Each structure stands twice: as C-alpha cells, then as structure tokens.
Amino acid sequence: MKYLRQLFIGIGFLLLGSLLVPSLTHANEGQSYEVYSSVLNVRGEPASDGEIIGVLSKGNKVMAFQEKYGWVQTYYGGHVAWVAKHHLIPVANTSQSSSANTQSVTTTDSITVTANSVRLRSGPGTDYNVIGSSSAGDTYNIVETNGDWHQIKFSNGSTGWIAAWLTNTSSTSEQSSEPINTSNNTNNNTPQSESLEGYTIVLDPGHGGKDSGAIALNGIYEKDLVSDTAVRVADELRNAGATVIVTRNGDYFVSLDNRASISNSYQTDAFVSLHYDSFPTIGVNGVTTYFGNGSDRGLAQNIQSSLASTVSLDNRGIMQRDFSVLRGTTAPSVLIELGFISNPNDLAIVQTAAYQNQVATAITDGLVDYFHR
Ligand SMILES: [Zn+2]
C-alpha cells in the first residue's frame with residue numbers, strides 16, 4: 001500500500017518534471033530512480049540469478065540507460081549493472097525542476113577532486129574514453145550523478161564524467177531554510193605524516209562470490225579472510241595519505257581481467273593483490289610476495305622485507321610467477337600470500353586482529369619505502 005503510494009508520488013513527480021522542464025532531458029540521459037528497498041542487489045545480468053556485483057541501499061540514486069524484462073540497466077563501479085525495477089521509484093531528473101514543489105530548492109552541488117591525475121571520461125564508467133585529467137583540489141559543479149559517477153561541467157561549458165569515490169561532494173542551497181550540509185570534511189587539506197599522499201594504490205582482495213579461494217582447516221574461506229585484511233590495509237593506506245581503490249568491497253565475483261582493468265583505468269602507482277595460501281602438505285607455512293614482471297621485483301622486495309620484519313610468520317621471500325592478474329596490470333604489481341591457512345600455526349595467527357593490523361602496517365610501510373627509496 002505504502003509502496004503504491006510512493007510509486008504514484010514518484011510518477012506524479014516524473015510527469016510534473018517532464019511538463020516543467022522538457023528541454024532538460026538529453027537524448028543520452030535516462031530516467032532517474034531512487035532505491036525504495038532497504039537493500040537492493042546490483043547484478044551483472046537482468047535476471048534474479050544474475051551475478052551480484054554490488055549492493056545499493058534505500059535512497060541511492062540510479063540512472064537508467066535501458067530497461068529489459070523488468071530490469072533497469074545502470075552502471076556500478078564503472079561497469080554495466082542491472083537492478084530490479086520494482087525496487088525503484090522514479091524521481092525527477094534534475095534539481096532544477098523545483099518551482100512547483102515546496103520542499104525543493106535550487107541546489108548547486110559541487111565536487112572537489114581528492115586525488116591527483118584523476119581521469120575525466122566521456123561517460124559514467126571506465127569503458128568510456130578519457131577526455132582529460134584533473135588534480136586534487138579542482139572543483140566542478142555536478143550536472144548529474146549516476147551510480148558511482150558524477151557528470152561535471154567545465155568552465156568552457158562542456159561536460160565530462162568523474163569517479164565519485166575520488167571526489168568530495170559539497171552542497172550549497174541558494175534558498176534553503178535548512179542549514180547547509182555539514183557532512184563535508186574540512187580537514188582534508190591538513191597534511192600530517194602523509195607519506196603516501198598523491199599516490200593511488202589499488203588493493204585487490206582475491207576471490208569473492210562463487211570463488212571462495214582456498215578453504216582453511218577450520219572451514220573458513222580465503223575470500224572472507226582477505227576481505228577483512230583488505231579493509232584494514234585500506235584504512236592504513238588512507239591514513240598514510242594514499243588514494244585507495246579496491247577491486248571488490250563485498251562478497252561478489254570479479255574476474256581477473258576486470259581486476260586488472262579496474263587498476264588500469266586509473267593512474268595507479270601500485271597494485272597489491274591479497275591472498276592466503278594453501279598447500280596439500282600441512283607443514284608448509286609462511287608469507288610470500290610474488291611479482292610477475294622483473295621490473296616489479298623492487299616493489300615485492302620492499303613489501304616482503306617490511307612484512308618479514310613485522311609479522312611472526314616465516315619469511316618465504318619473494319618469487320617471480322606469471323599470475324594473470326599481475327600480467328594484466330600496467331602499474332607495478334605484486335601478489336601477497338599472507339600465510340598458509342592449510343597450516344594450523346599460520347591459521348591461528350592470521351585470524352587475529354593483531355596479525356591483520358601488522359599486515360596493514362607492513363604493507364603500508366613497504367609501499368612508503370618503495371616510493372621514497
Ligand atoms: Zn588466493
């Protein structure tokens with residue numbers, strides 16, 4: 001009942017919007033929707049058994065590019081994605097369609113770029129052409145937001161798209177009676193001991209979704225352990241000033257090619273893939289850092305040395321191996337095996353918060369050593 005009412009309100013909004021501002025709807029822009037359910041799975045295919053590639057929550061905005069079988073196609077994390085339409089309510093396309101609505105005001109949303117060498121693209125995804133580049137501190141007005149991407153306006157009047165996670169949004173209302181949104185952080189530009197400031201690190205938590213990775217002696221999955229580790233490592237890298245991009249931030253499948261593509265779509269300074277090892281013989285143990293290309297030996301050495309001096313697990317050293325995720329990335333790249341979950345001693349240690357924190361510190365320190373050597 002409530003759903004229907006919301007739907008009618010939404011449709012009313014849509015009709016009102018299209019009557020008032022017909023000229024604002026460009027040919028390449030679809031209908032905007034708002035997520036109505038508390039949690040909405042984002043899938044790779046327009047089907048209820050399609051692979052889950054992400055999750056949206058109530059109030060998130062979705063821009064539709066096409067519809068099929070009751071599914072709406074949008075973009076998520078730069079990739080084509082589908083959400084079930086019956087969890088969406090339509091909303092008016094732009095904030096300018098406000099004149100007949102008491103709670104709307106003319107709003108100018110702007111973004112500040114938070115990383116250096118951020119690519120500007122012709123559309124909302126990494127599949128689109130690069131049309132320019134932007135630096136930390138640059139500000140732009142937002143034309144619209146589509147999933148994880150903002151369409152922004154340049155001073156010459158043309159537009160382009162930027163990844164939202166490399167920006168901060170601020171909102172200023174011209175006639176609002178409410179206080180201006182205070183969620184934007186004002187200490188962004190306070191440098192501390194930010195030794196990775198200006199560096200973009202792609203963290204790649206191995207496996208996910210249908211690919212559980214190795215299964216530990218106690219039944220836990222490698223994919224879950226690396227997810228936990230990645231969260232801590234990402235925190236530590238951000239504390240050190242780095243821009244961090246993760247190739248997955250939930251339990252869903254990402255192909256090896258896509259992991260490399262995500263990294264290659266940024267001006268990535270280092271790509272770090274996180275794994276836990278497994279071996280049929282229970283006695284094999286220790287931490288290993290792999291590199292593919294000979295030119296990445298130095299990165300592997302810095303990280304492995306830092307790990308070896310920080311964690312209590314055995315140091316197996318660095319090894320060269322032709323992993324496809326390393327081969328596919330253009331940035332310096334390593335794959336770290338953070339202990340054997342087929343070994344009882346390693347397994348007991350790697351599950352502790354202390355170990356996870358040590359790993360986060362060690363990887364961060366290793367990257368600092370690498371970039372400042
Ligand atoms: Zn693995």
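Atom set for the values below is all heavy atoms of this structure, side chains included, hydrogens, waters and symmetry mates excluded. Nothing here was measured: the structure is a model prediction, and the numbers come from that model. Both counts, for ligands and for their atoms, begin at 1 and track the order of listing. Throughout, residue positions are numbered sequentially from 1 according to the sequence presented.
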Enquirer: What angle, in degrees and rounded to 10°, do you get at the Zn ion (ligand 1) when you join it to OE2 of Glu222 and to NE2 of His207?
Expert: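 Answer comes to 100°, rounded to 10°.
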Enquirer: Does any part of the side chain of Thr329, heavy atoms only, come nearer than 4.5 Å to the side chain of Asn264, both counted from C-beta?
Expert: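 In contact.
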Enquirer: Starting from the Zn ion (ligand 1), look over the N/O/S atoms of His275 and name the nearest one.
Expert: ND1
Enquirer: Quick one: do Lys223 and Asp211 make a salt bridge, cutoff under 4.0 Å?
Expert: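 Looking at Lys223 and Asp211, the cut-off is not met.
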Enquirer: State, with a plain yes or no, whether a side-chain heavy atom of His275 is found less than 4.5 Å away from one of Leu335.
Expert: yes
Enquirer: Decide whether Thr243 and Tyr266 meet the rule of one side-chain donor and one side-chain acceptor closer than 3.5 Å.
Expert: no
Enquirer: Give a yes or no on whether Glu337 keeps an N, O or S atom under 2.8 Å from the Zn ion (ligand 1).
Expert: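 Here the distance criterion (N, O or S atom, under 2.8 Å) is not met by Glu337, so no.
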